[in-house]
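Heads up, the thing below is written out as structure tokens.
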Amino acid sequence: MQLPIEHIDDVLPHIPNNVGIVVSERPDVRIIDYVFTTDATFATPMARECRGLKFALDGSILARPLHKFFNIGEQQSAADIDWTQPHVVLDKLDGSMVHPCFLSERLTFMTRMGESGQAKAALDHADEAVLRLSRDLLLEGMTPVFEFTSPDHRVVLAYPETSLTLIAVRETVSGTYLSHAELARLAERYCVPLVAQLGRVEDAMAFIARGRSLTDVEGYVIAFEDGHRVKLKADAYVLRHRALAGVSKERNLLEWIVKDAIDDVLPLLSDDIAQQVAAYRNQVYQALDRHVAALAEFAQQHSALPRKEIAFAAREKLDQRLHGALFAMLDGNDGREAVKRLLAWASRSDPRMDSVRDLFDLKWDGTDLVFEQG
């Protein structure tokens with residue numbers, strides 16, 4: 001990809017405001033990355049480079065990881081891709097993109113966001129072969145890019161062992177990608193793991209159908225020799241990833257519980273996360289059953305009274321937030337469904353969730369369930 005970047009000033013004039021791309025000023029590095037996306041975020045080739053660019057404090061470029069590329073069908077349909085151009089199909093690993101970078105004379109590893117937890121774990125795992133390749137290529141003006149996979153830093157798929165796999169090398173200033181053949185020579189020379197090469201696309205429609213039907217893999221990256229890249233994700237992976245992203249938000253989790261859809265989600269999750277979700281569901285159900293039983297007992301004891309007197313007694317003995325469910329029961333509605341409507345109402349916003357948190361003992365922390373992806 002021929003888009004020279006020598007200095008941060010080569011990038012900044014081409015980045016519009018309010019599209020999600022930001023410059024993070026750190027004590028020893030400046031990082032250009034995106035924090036959210038809109039339809040305009042990646043509208044230009046330069047914007048697509050803003051995926052973890054690293055610059056020294058004087059503005060000179062330090063490292064250039066993978067540019068932003070898209071799934072088949074997002075920016076290009078399969079019919080719009082020239083499959084006759086030289087390319088290779090690569091295994092798409094389900095980990096975190098990491099790359100080395102010199103800060104002064106210190107070699108470190110970074111993800112898009114900088115020296116993150118995944119990057120530090122990757123650096124701790126890196127053996128002398130990976131470190132030697134990293135130093136040599138950086139000194140030659142190139143940025144090697146690895147995928148870090150580990151059972152301790154799982155995204156969706158489980159990997160039994162921790163590994164740093166070479167997936168790309170770019171000329172840092174020009175942005176040119178080395179060919180896969182060149183990567184293979186580097187991997188052999190330095191004895192580092194290399195991403196699997198799976199041939200080329202002969203029949204695009206058959207390739208896409210086969211790729212989307214795969215299980216237990218994320219999918220493929222199609223790397224063209226001119227630097228263009230597209231990816232294809234398996235439908236099963238996409239579904240599992242959405243489920244994982246969903247359970248990180250308590251409102252989603254509560255909505256699934258209210259709709260009795262949680263059993264459809266559990267099989268899509270890893271065993272440890274599925275156990276946490278099931279425990280949360282059981283906790284909500286226990287609180288729900290407790291309130292339904294209390295309301296049923298109250299209704300039985302006071303059903304012969306006029307509504308005004310029932311309302312007075314309810315103010316004395318029941319939590320005000322359950323009054324609507326009580327009167328629904330007195331009108332002949334199912335008590336469990338009446339209380340679930342309160343949970344459904346709460347699941348529509350975080351403030352509403354907070355307003356009933358103590359009533360249902362809601363405790364969920366999904367912050368560690370979604371990891372930074374490569």
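Linking Ile, Leu, Val, Met, Phe, Trp and Tyr whenever their side-chain heavy atoms come within less than 4.5 Å puts Leu295 and Phe298 in one cluster. Cluster membership check: Val22 shares its hydrophobic cluster with Phe36, using side-chain heavy-atom separations under 4.5 Å among Ile, Leu, Val, Met, Phe, Trp and Tyr. Using a 4.5 Å cut-off between side-chain heavy atoms of Ile, Leu, Val, Met, Phe, Trp and Tyr, with links allowed through other members, Ile5 and Tyr34 fall into the same hydrophobic cluster. Criterion: ILVMFWY side-chain heavy atoms under 4.5 Å apart, direct or through other members. Under it, Val29 and Met97 are not part of a common hydrophobic cluster. Residue Val19 is not grouped with residue Val35 when hydrophobic side chains (ILVMFWY) are merged at heavy-atom distances under 4.5 angstrom, including chains of intermediate members.
Residue pairs satisfying the salt bridge (charged side-chain N to carboxylate O under 4.0 Å, His left out) criterion with at least one member in residues 8-27, sequence neighbours excluded, are listed as follows: Glu25-Arg30. A salt bridge (charged side-chain N to carboxylate O under 4.0 Å, His left out) check over residues 180-196, counting only residues at least two apart or in different chains, returns nothing. Applying the side-chain hydrogen bond (donor to acceptor under 3.5 Å, both in side chains) test to residues at least two apart or on different chains, none of the pairs has a partner in residues 14-23. Applying the salt bridge (charged side-chain N to carboxylate O under 4.0 Å, His left out) rule to pairs touching residues 294-317 yields Arg307-Asp331, sequence neighbours excluded.
If you look at His323 and Phe327, their ring centroids are not closer than 6.0 Å. Between Phe148 and Phe109, the ring center distance fails the sub-6.0 Å criterion.
Sparse packing is recorded around CD of Glu6, with 12 or fewer heavy atoms of other residues, nucleotides or ligands lying under 6.0 Å away. Under a cut-off of 6.0 angstrom, the local environment of CZ in Phe70 is crowded, with over 12 non-hydrogen atoms contributed by other residues, nucleotides or ligands. Counting non-hydrogen atoms of other residues, nucleotides and ligands closer than 6.0 Å to NZ of Lys249 gives a total of 12 or fewer.
Ile167 is not listed as a side-chain neighbour of Leu90, based on a closest heavy-atom distance of 4.5 Å or more. Residues Ile21 and Ile32 form a side-chain contact, since some pair of their non-hydrogen atoms from C-beta on lies under 4.5 Å apart. Side-chain atoms of Leu194 and His180, non-hydrogen and from C-beta on, do get closer than 4.5 Å to each other. For the pair Leu103/Met110, a side-chain contact is recorded, criterion being any heavy-atom separation below 4.5 Å from C-beta on. Contact of the Glu225 side chain with the Val88 side chain is not registered, since no non-hydrogen atoms from C-beta on lie closer than 4.5 Å. Annotation: side chain of Ile31 is not in contact with side chain of Met113 (no heavy-atom distance under 4.5 Å). Two residues are said to be in side-chain contact when any heavy atoms from C-beta on lie closer than 4.5 Å; Val230 and Phe69 fail this criterion. At least one side-chain heavy atom of Leu253 sits less than 4.5 Å from a side-chain heavy atom of Trp364.
A side-chain donor-acceptor contact under 3.5 Å links Thr143 to the backbone of Arg64. Arg357 contributes a side-chain N or O that, together with a main-chain N or O of Leu362, makes up a donor-acceptor pair within less than 3.5 Å. The backbone N or O of Ala63 lies less than 3.5 Å from no partner atom in the side chain of Thr172, so there is not a single donor-acceptor pair. Using modelled atom types, one side-chain atom of Asn282 and one backbone atom of Ala278 make a donor-acceptor pair closer than 3.5 Å. Panel note: side chain Ser104, backbone Arg106; no donor-acceptor pair is recorded below 3.5 Å. In this structure a side-chain-to-backbone donor-acceptor pair under 3.5 Å is missing from Glu49 to His67.
The pair Glu202-Arg200 counts as a salt bridge, with a side-chain nitrogen and a carboxylate oxygen less than 4.0 angstrom apart. We find that Asp289 and Arg336 are joined by a salt bridge, their nearest charged nitrogen and carboxylate oxygen being less than 4.0 Å apart. Residues Asp350 and Arg251 are paired through a salt bridge, judged by an N-O separation under 4.0 Å between the basic side chain and the carboxylate. Salt bridge Asp361/Arg290: present, at least one basic N to carboxylate O contact under 4.0 Å. Using a 4.0 Å cut-off between charged side-chain N and carboxylate O, Lys54 and Asp33 make no salt bridge.
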If you look only at distance, which donor and acceptor atoms sit under 3.5 Å apart when one is on a side chain in residues 127-134 and the other is two or more places apart or in another chain?
residue	atom	partner	partner atom	Å
Asp127	OD1	Ala129	N	3.2
Asp127	OD1	Val130	N	2.9
Glu128	OE2	Arg135	NH1	3.3
Ser134	OG	Val130	O	2.8

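For the pair Leu57 and Asp28, the tightest heavy-atom approach, listed with the atom from each and the gap, is CD2-C, 3.9 Å. In terms of heavy atoms, Pro151 sits closest to Thr162 at CD-OG1, 3.7 Å. Contact detail for Leu138 and Pro144: the closest heavy-atom pair is CD2-CD, 4.4 Å. Taking all atoms of both residues into account, the shortest heavy-atom contact from Gly335 to Val292 is O-CG2, 3.9 Å. Closest heavy-atom contact between Arg212 and Lys233: CG-O, 3.9 Å. Nearest heavy-atom pair, Val169 versus Leu166, reported as atom, atom and distance to 0.1 Å: CG2-CD1, 4.1 Å.
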- Message: Show, in sequence, the C-alpha distance, side-chain angles and deciding distance for Val11 and Ile61, and conclude whether the side chain to side chain contact (heavy atoms under 4.5 Å, CB included) test is met.
- Response: CA-CA 10 Å; Val11 181; Ile61 192 166; over 6 Å; no
- Item | Verdict with supporting geometry, Leu232 and Asn71, side chain to side chain contact (heavy atoms under 4.5 Å, CB included) | CA-CA 6 Å; Leu232 175 68; Asn71 294 296; over 6 Å; no
- Message: Pair Ile222, Trp83 - check side chain to side chain contact (heavy atoms under 4.5 Å, CB included), show working.
- Response: CA-CA 10 Å; Ile222 301 91; Trp83 299 102; 4.0 Å; yes
- With side chain to side chain contact (heavy atoms under 4.5 Å, CB included) as the test, would you mind laying out the steps for Asp91 and Glu147 before giving the verdict? CA-CA 11 Å; Asp91 185 16; Glu147 192 82 358; over 6 Å; no
- Message: Working note: Glu255 + Asn252, criterion side-chain hydrogen bond (donor to acceptor under 3.5 Å, both in side chains); need CA distance, chi angles, decisive distance, verdict.
- Response: CA-CA 5 Å; Glu255 182 181 10; Asn252 293 340; over 6 Å; no
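One distance of note links CG of Leu343 with CH2 of Trp345; it measures 10.5 Å at 0.5 Å rounding. Note: Cys50 SG to Lys68 NZ = 12.5 Å, rounded to the nearest 0.5 Å. Taking CG from Leu66 and CZ from Arg51, the interatomic distance works out to 6.0 Å, rounded to the nearest 0.5 Å.
Under the 3.5 Å distance criterion, with hydrogens and angles disregarded, a donor-acceptor pair is assigned to the side chains of Glu115 and Thr108. Checked by atom type, the side-chain pair Glu250/Tyr280 shows a donor-acceptor distance below 3.5 Å. If you check the side chains of Asp82 and Gln85, you find a donor sitting under 3.5 Å from an acceptor. With no hydrogens or angles considered, a side-chain donor-acceptor pair links Thr111 and Ser116 at under 3.5 Å. Checking Asp136 against Tyr190 by side-chain atom types alone, a donor-acceptor pair falls below 3.5 Å.
Ring geometry, Phe360 versus His291: the interplanar angle exceeds 60°, so the pair is classed perpendicular (tilted spans 30 to 60°).
Listed by chain and number, the residues in a ring pair (Phe, Tyr, Trp, His ring centres under 6.0 Å) with Phe224 are His87, His228 (sequence neighbours excluded).
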